[in-house]
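First the proteins, then the strands, lettered A, B, ... as listed; each starts at 1. Values below: all heavy atoms of this structure, side chains included; hydrogens, waters and symmetry mates excluded. Since this is a predicted model, take the numbers as computed values, not measurements.
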Amino acid sequence: MKIFEIAFSATLLLFVVAIIGAGMFVYNYPLNVMRFPYFVGGFLLLMGLWRLKGAIQGERLDGEREADPTTESVGQFARTAAWLLAILPAVWILGYPAGISLYLLVYFLVHGQGWLTSIILSLAALAVTYFVFIVFLRVNLPLWPIGLAP
Amino acid sequence: MEYFSLLSDGFLRVMRPDLLLIMLAAIPFGLIFGLVPGLSGLTALAILLPFIYGMQPLPGLALLLSAHAVIYTGGSVSAIILGIPGSPPNAATVLDGFPMARQGRGGEAMGAALASSGLGGIFGVLVLVAILPILEPIVLLFGSPETFFLALMGVAFIAVVGEGPMQKGLIAGALGIFLALFGYQSVTGVPRFWLGSDYLLDGFRIIPLALGLFAIPELIALSAKGRSVAHDSDESRITFAQVMEGVRQVFRHPLLFFKSSAIGAVVGVVPGVGGETSPFVAYAAAKQTSKHPELFGKGSIEGVIAPESSNNAKEGGALVPTLAFGIPGSTGMALLLGGFLILGLEPGPEFLKEHMDLGVGLAMVVAISNLLAAAVMILLARYIAQITHLKGHILAPLLLAIVVLGTFASKQNPLDVVYVFIFGALGYALKELNYSRAALILGFVLTNAIESSLHISLRSYGWSFWLRPVSLIIIALLALGILWPVIKRRLGARKGGAS
């Protein structure tokens, strides 16, 4: 957890420095555009450096709760996150209705549901996607691969 | 007299069939999200947010507010039958509700919790309705300098008293403000930090941010665990007669009910506080004044009525600063404020003058939602609780599909969906490292108000803008709020030394 804390604080500092730096040296914004970002960025840098120092020294803050990780291991987190992220290429490549239904079907089957449950749930999702979003809410959902729509 | 006609107009506006339908659709949504531990009310609001695009203000806000108003009503059921609070503010209900369920009095605890939740919500609305007409002259004392400091106070308070340590809360609040600086600056119209991306010209959007911060981390948790949250519970002993006995218990303790609801409404008014604070304050007050304090923690019905009355009453109180100053009174209200902005409304001093009817209408929505939710849950609690038996491996991907569809539906931009996952990674890191996600979202939604009021203050009053009397009072409160943990620690150390 300590390394994760250090990495988060360092990334936050880098992000703030990069954005403020871009405003100053790349975009050359005038002071009335940068005044507030200087104020907020300066505060974030100070607090971020303070936190980074505390994280490196292993300092425990008031009100810090006992670590209760969401996943049991990095491997389990990676697998879970990958499964959730897989919906992105599915909808990008197959379009929304087909991509979502196929994603759900594969997800349910791989995670131990029977064929019947998986097929019923993914068909129900297809019906909801079509009737609620396309027919009722009139959302212009991509029906084809994004970028290749006719 | 004029205000009474405004009230009756507000009531009639809400009693439209289409609005009632919207409320009826939103209430089960809020109840279910409140019921399933880990899904929290903020996830429900974040998921509903994209659906209000293109709606009229009252129906759009009614959708969000109805779901939000009843979340803790649903949460009380899982607190009692599973011993796991559906939402963090239901934690105090576990203390006596769960022991009651273990003694075979789960139905009685549930009836008391549901009735006090529903009636407490109506009490909170009555407070709101009583305060609204008095607020207008007070609000007029607030110019841009006061708005600036009040908005800062809102972010600072939620950072200090919210989840996690104060230092991390302040970092999260400032990060929320920083993320809102991307895109066109409202004062000059200059596109700031757009990094050559057309998407960033309009800045980061509230919907991908809210869903990423609040929905994705919970979906990871749900998916990683895989099993249902209610795998070892037993709600078979709950009968309707027991539930009705619990409802009657609330009417046998009227003083306790009014005192706890009043505590909830008052704590709810303080910007950024409310949340988990008010139920525990009400619980402690009930224990102090009870004839049987020794029963608290062992299955006292008073220990269920007190936190649940204050829980829903605080939402009426929390609407006061949200509508009058544009400063959310609770975390849920911060997301609701996002809903106001999506609908093109900016709560604050001008809002009350121009849209008092809408304010009254929203109060009515909260009252009706509370009544309907309590009635539905009293009748169907035992069956609705079955949702907690759904496996995480089924619930997580289905909710993810709704998140993806809802995000796309809001602006019909596929990049929004990508940003949900980017902010999801941020939300996961914040959750694991104990940073306040509520402070971040509050900072994000208040940035426009903070920056514009700072700009106007500097132009109108120069750098001495903070010397106005009301500003000085708010600065003093802000300093006290930030320094309070330090003062409390010093006082505690001195007391310890003396003893």
Would you mind telling me which of [options] has the largest number of heavy-atom pairs within less than 4.5 Å of chain A?
options: B/Leu426, B/Leu181, B/Leu405; value: B/Leu405
options: B/Pro397, B/Gly406, B/Ala429; value: B/Pro397
options: B/Gln167, B/Glu451, B/His455; value: B/Gln167
options: B/Leu454, B/Ile216, B/Leu175; value: B/Leu175

Can you tell which part of [X] gets under 4.5 Å to a heavy atom of chain B, answering side chain, backbone, both or neither?
X: A/Ser9; result: side chain
X: A/Val26; result: neither
X: A/Arg35; result: side chain
X: A/Ile87; result: side chain
X: A/Trp83; result: neither
X: A/Ile19; result: both

Determine the minimum heavy-atom distance between B/Val155 and B/Ala439, stating which atoms define it. CG1-O, 4.4 Å
Kindly give the heavy-atom pair with the smallest separation between B/Pro217 and B/Lys431, and that separation in Å. CB-CD, 3.8 Å
Greatest number of heavy atom pairs closer than 4.5 Å to chain B - which of [options]:
options: A/Ile100, A/Leu88, A/Thr11; result: A/Leu88
options: A/Leu12, A/Thr129, A/Leu121, A/Leu141; result: A/Leu141
options: A/Phe15, A/Phe39, A/Phe36; result: A/Phe36

Is A/Tyr130 atom OH crowded by more than 12 heavy atoms from other residues, nucleotides or ligands, each under 6.0 Å away? no
Heavy-atom contact with chain A under 4.5 Å, split by part of [X]:
X: B/Ser223; answer: both
X: B/Pro191; answer: backbone
X: B/Phe178; answer: both
X: B/Leu170; answer: both
X: B/Val190; answer: side chain

Those residues of residues 42-49 of chain A, ordered by number, that approach chain B below 4.5 Å (heavy atom to heavy atom): A/Phe43, A/Leu44, A/Met47, A/Gly48
Look only at the side chain of B/Gln412 and the backbone of A/Asn140, and say whether a donor-acceptor pair between them is shorter than 3.5 Å. yes
Ring centroid separation [X] to [Y] under 6.0 Å:
X: B/Phe149; Y: B/Phe465; result: yes
X: A/Phe133; Y: B/Phe51; result: yes
X: B/Tyr435; Y: A/Phe8; result: yes

May I ask you to say whether B/Glu218 pairs ionically with B/Arg437, meaning some side-chain N is under 4.0 Å from a carboxylate O? yes
Classify the ring geometry between [X] and [Y] as parallel (under 30°), tilted (30 to 60°) or perpendicular (over 60°).
X: A/Tyr103; Y: A/Tyr107; answer: tilted
X: A/Tyr96; Y: B/Phe408; answer: tilted
X: B/His393; Y: A/His111; answer: tilted

Will you find, in the side chains of B/Ser186 and B/Asn448, an N or O donor that is under 3.5 Å from an N or O acceptor? yes
For a quick check under 3.5 Å, do B/Ser144 and B/Ser457 share a side-chain donor-acceptor pair by atom type? yes
Given the options B/Trp194, B/Phe182, B/Phe444, B/Phe204 meets ring pair (Phe, Tyr, Trp, His ring centres under 6.0 Å) only with B/Phe182
Could you go step by step and tell me if B/Phe193 and B/Leu200 meet the side-chain contact (heavy atoms from CB on, under 4.5 Å) rule? CA-CA 8 Å; B/Phe193 311 137; B/Leu200 285 181; over 6 Å; no
